[in-house]
Amino acid sequence: MSKPQTSAKAPAADSNPAIQYLPLPDVGKNWADTLWQLLQLATEANESFEFEKAVRYLIAIQDIWSAKGLPEFSLELRFKLHSQMGKALASQGKHDEALKEYHEVLRYCRDSNHLAVRAETFMQVGQLLAKQGDHDRALGYLQRAIGACRRLGDDATLCKALRNLGVVSVELGEFEAAEATYDEAIGVARELSDRMVFADLTNNLG
């Protein structure tokens with residue numbers, strides 16, 4: 001009798017009961033756990049500003065996934081893999097490469113159930129495009145982020161997106177729009193009791 005398959009699960013720190021994992025044989029489960037452990041190391045490296053180390057861990061995940069021919073057992077892992085890679089590359093000033101990683105996130109999360117991931121990714125893309133001086137495209141992505149945040153009721157991400165939109169509006173010479181955006185962001189920051197963001201927004205308004 002063949003041995004029953006088991007389900008691959010992430011380590012406890014990353015577990016999410018809403019995520020459905022495909023059944024994998026024991027060897028697949030072991031490799032899946034290894035990928036999650038490498039992702040945790042990459043995340044810790046990013047948080048410690050060790051961006052080159054983070055990139056090495058993330059490349060190792062991609063290499064193992066490809067070499068072992070592992071199935072797409074977790075979209076959550078895919079999201080975090082490319083998001084962390086985007087963060088590491090952006091922090092090293094490699095904006096074009098970072099944008100490719102964030103677009104990979106968007107490619108994988110087309111389902112409406114992943115709206116929160118899309119909102120955060122839209123904001124990151126908009127911010128990077130603004131840094132590159134591509135303010136028209138940045139505006140579009142930030143507006144998409146804001147729309148998603150409103151649907152989600154995610155005021156924390158909404159406040160950040162509004163702040164970035166205000167910056168872009170100033171760069172485009174749309175000063176009245178920028179002022180209205182900053183005013184809204186200040187109101188959201190007040191509700192969140194985020195004093196640092198509130199002070200930053202007030203300073204931007206002059």
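Between H82 and Q62, some side-chain heavy-atom pair lies under the 4.5 Å cut-off. With contacts defined as side-chain heavy-atom distances shorter than 4.5 Å, the pair L81/Y108 does not qualify. Inter-residue side-chain proximity for Y57 and T43 is flagged as unmet; no heavy-atom pair is nearer than 4.5 Å. At least one side-chain heavy atom of D33 sits less than 4.5 Å from a side-chain heavy atom of Q37. Side-chain contact check for F175 versus V170: some heavy-atom pair is nearer than 4.5 Å. In this structure the side chain of E179 reaches within 4.5 angstrom of the side chain of D183, judged on heavy atoms. Between Y141 and L165, the closest side-chain pair of non-hydrogen atoms is not below 4.5 Å. Looking at L152 and T157, their side chains never come closer than 4.5 Å, going by heavy atoms from C-beta outward.
A distance of 12.0 Å separates CG of L41 from CZ of R56, quoted to the nearest 0.5 Å. Here the OG1 atom belonging to T181 is positioned 9.0 Å from the CD atom belonging to E174, to the nearest 0.5 angstrom. In this structure, the separation between CD on E52 and CG on L89 is 10.5 Å, given to the nearest 0.5 Å. In this structure, CZ in R137 is found 12.5 Å from CG in L139, a value given to the nearest 0.5 Å. Taking CD from E120 and SG from C149, the interatomic distance works out to 8.0 Å, rounded to the nearest 0.5 Å. In this structure, M85 CE and I59 CD1 are separated by 5.0 Å, a value rounded to the nearest 0.5 Å.
Residues Y102 and L77 are members of separate hydrophobic clusters, defined by side-chain heavy-atom contacts under 4.5 angstrom among Ile, Leu, Val, Met, Phe, Trp and Tyr. By the rule that hydrophobic residues join a cluster once side-chain heavy atoms approach within less than 4.5 Å of another member, W65 and L38 end up as members of one cluster. In the hydrophobic clustering of ILVMFWY residues, with side-chain heavy atoms under 4.5 Å counting as a link, I146 and L129 come out apart. In the hydrophobic cluster analysis, where Ile, Leu, Val, Met, Phe, Trp and Tyr join through side-chain heavy atoms closer than 4.5 angstrom, L115 is grouped apart from F79. Tracing side-chain contacts under 4.5 Å through hydrophobic residues (I, L, V, M, F, W, Y), one never reaches V105 starting from L99; they form parts of separate clusters.
Looking at every heavy atom in both residues, A185 comes nearest to R163 through CB-N, 4.3 Å. Nearest heavy atom pair, residue L192 against residue A156, reads CD1-CA, 3.7 Å. Residues A98 and A90 come closest through the heavy atom pair CB-N, 3.6 Å. The two residues V168 and H135 have their closest heavy-atom pair at CG1-O, 3.5 Å. A pairwise comparison of heavy atoms in A138 and G126 identifies CB-O, 3.3 Å as the closest pair.
Between the side chain of N164 and the backbone N or O of L142 there is no donor-acceptor pair closer than 3.5 Å. Between the side chain of R118 and the backbone N or O of C109 there is at least one donor-acceptor pair closer than 3.5 Å. No donor-acceptor distance shorter than 3.5 angstrom exists from the side chain of W36 to the backbone of W31, with no hydrogens or angles considered. Q92 places a side-chain N or O within donor-acceptor distance of the main-chain N or O of A88, the cut-off being under 3.5 Å.
At a threshold of 4.0 Å, the pair K100-E97 does not count as salt-bridged, since none of the basic side-chain nitrogens sits closer than that to a carboxylate oxygen.
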